[in-house]
Amino acid sequence: PKLNLFKSDAYIFMQQSPFEHWNSVKDIMERAINKAGYTPLTVSDSKGSTTIHSSIFLNLYQNEIVVCDVSNRNANVMFELGMRIAFDKPVVIIKDEQTPFSFDTSHIKHLEYPSDLRFQVIEKFIDDLANLILETVQASKQKEYKTFLSHYAPIKVTTLEVNEVSEKIALESILKSIQNLEEKVM
């Protein structure tokens, strides 16, 4: 696979606690993403959004590739994975060897890593993950690429329209909303 030379973002979503273990997993994912030529991005790195939910939503929709760790089947992570799949965009799924496959996503390729994060195995995992990221992105750009949803029905996902407004217009809109709330309360 060809290295990404343009350094676009690769969004990471995963369970966040217990902190020590998942921070180590995040570091491993970031190494693989960097190796693939992407900039790793988590929701806490996001800029330009005022709520965590809108940051998650925008990152799931806008980034060329996302890497999802479904270890422990965290409900929030599984919901975010469902959103990315619904957007019909490429995703790389990883999990530890202790987490069983979920029925609904078991037919999507999962890359496994050892939950004890053994160095020798993790070094190979980093290489494998970097290659899988590149292969997934390259495959998604091919005309004959079949997305997850297209395996089941001829579904065309509509695109989201992103509207940019000036700070002044945004503040005026917020103030108007506050005034409307005040009127309802009084």
Side-chain angles (χ1 to χ4, degrees), residues 1 9-33 36 38 40-44 46 52-118 121-122 124-160:
D9 293 333
Y11 182 58
I12 296 172
F13 58 105
M14 60 184 291
Q15 180 173 326
Q16 299 295 316
S17 63
F19 181 75
E20 187 175 320
H21 175 78
W22 296 111
N23 199 41
S24 295
V25 174
K26 180 176 151 272
D27 289 345
I28 291 164
M29 293 169 72
E30 288 175 340
R31 285 182 55 203
I33 289 166
Y38 286 84
L41 177 72
T42 62
V43 69
S44 58
S46 300
I52 191 168
H53 297 94
S54 60
S55 292
I56 291 168
F57 185 81
L58 287 172
N59 280 305
L60 288 172
Y61 183 76
Q62 292 178 339
N63 285 297
E64 179 177 34
I65 187 72
V66 299
V67 180
C68 173
D69 186 347
V70 296
S71 300
N72 290 345
R73 295 181 176 174
N74 176 279
N76 292 333
V77 171
M78 298 305 283
F79 180 75
E80 292 169 20
L81 175 60
M83 287 178 63
R84 179 66 179 194
I85 290 170
F87 292 144
D88 219 18
K89 295 190 174 228
V91 62
V92 171
I93 303 173
I94 65 170
K95 69 178 202 63
D96 65 26
E97 87 287 354
Q98 294 181 354
T99 302
F101 287 93
S102 295
F103 173 78
D104 292 327
T105 62
S106 62
H107 57 286
I108 301 173
K109 182 175 185 167
H110 290 58
L111 188 60
E112 285 190 346
Y113 64 88
S115 55
D116 64 3
L117 308 179
R118 285 185 317 275
V121 179
I122 289 301
K124 181 179 181 333
F125 172 79
I126 289 169
D127 290 340
D128 292 346
L129 179 54
N131 285 328
L132 184 56
I133 290 167
L134 292 170
E135 289 168 6
T136 302
V137 169
Q138 288 175 8
S140 72
K141 293 178 179 180
Q142 301 303 313
K143 189 175 183 176
E144 65 277 358
Y145 178 69
K146 289 190 87 149
T147 60
F148 175 81
L149 295 176
S150 65
H151 288 281
Y152 302 100
I155 296 172
K156 180 170 178 8
V157 177
T158 59
T159 58
L160 297 179

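A pairwise comparison of heavy atoms in Ala130 and Ala32 identifies CB-O, 3.4 Å as the closest pair. Shortest non-hydrogen contact noted between Asp96 and Ser71 is N-OG, 2.7 Å. When all heavy atoms are compared, the tightest approach of Met78 to Thr105 is CE-OG1, 4.5 Å. When all heavy atoms of Ile65 and Val137 are compared, the pair lying nearest together is CB-CG2, 3.7 Å.
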Practice task
Please step through side-chain contact (heavy atoms from CB on, under 4.5 Å) for the pair Phe125 and Leu117, ending with a clear verdict.
Solution key: CA-CA 10 Å; Phe125 172 79; Leu117 308 179; over 6 Å; no
Handout entry: Verdict with reasoning, Asp128 to Tyr113, per side-chain hydrogen bond (donor to acceptor under 3.5 Å, both in side chains)
Key = CA-CA 10 Å; Asp128 292 346; Tyr113 64 88; over 6 Å; no
Handout entry: Pair Ile28-Ile126, side-chain contact (heavy atoms from CB on, under 4.5 Å): steps then yes or no
Key = CA-CA 7 Å; Ile28 291 164; Ile126 289 169; 3.8 Å; yes
Practice task
Run the numbers on Lys109 and Leu132 for side-chain contact (heavy atoms from CB on, under 4.5 Å), then give the verdict.
Solution key: CA-CA 10 Å; Lys109 182 175 185 167; Leu132 184 56; 4.0 Å; yes
Exercise for the section: Evaluate side-chain contact (heavy atoms from CB on, under 4.5 Å) for Leu81 paired with Val91, printing each intermediate quantity in order. Expected result: CA-CA 8 Å; Leu81 175 60; Val91 62; 4.0 Å; yes
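With hydrogens and angles disregarded, no donor-acceptor distance shorter than 3.5 Å links the side chain of Glu64 to the backbone of Ala10. Between the side chain of Ser55 and the backbone N or O of Val43, no donor-acceptor pair lies under 3.5 Å. Remark: the backbone N or O of Asn74 is not paired with any side-chain donor or acceptor of Asn72 at under 3.5 angstrom.
With values rounded to the nearest 0.5 angstrom, Glu112 atom CD is found 10.5 Å from Gln98 atom CD. Interatomic distance, Asp69 CG to Ile94 CD1, rounded to the nearest 0.5 Å: 4.0 Å. Note that CG of Leu60 and CE of Met83 are 5.5 Å apart. Values are rounded to the nearest 0.5 Å. For the atom pair CD1 of Ile12 and CG of Leu41, the computed distance is 8.0 Å after rounding to the nearest 0.5 Å. In this structure, the separation between CG on Asn131 and CD on Gln138 is 10.0 Å, given to the nearest 0.5 Å. With rounding to the nearest 0.5 Å, the separation of CG in Leu134 from CD1 in Ile33 is 11.0 Å.
Two residues are said to be in side-chain contact when any heavy atoms from C-beta on lie closer than 4.5 Å; Ile85 and Ile108 meet this criterion. Looking at heavy atoms from C-beta onward, Asn59 lies out of side-chain contact with Val66 at the 4.5 angstrom threshold.
Applying the side-chain hydrogen bond (donor to acceptor under 3.5 Å, both in side chains) test to residues at least two apart or on different chains, the pairs with a partner in residues 18-28 are Lys26-Glu30.
Of the residues Lys95, Arg73, His110, the one that meets the side chain to side chain contact (heavy atoms under 4.5 Å, CB included) test with Ser102 is Arg73.
Ring to ring, Phe57 and Phe87 are close: their centroids are under 6.0 angstrom apart.
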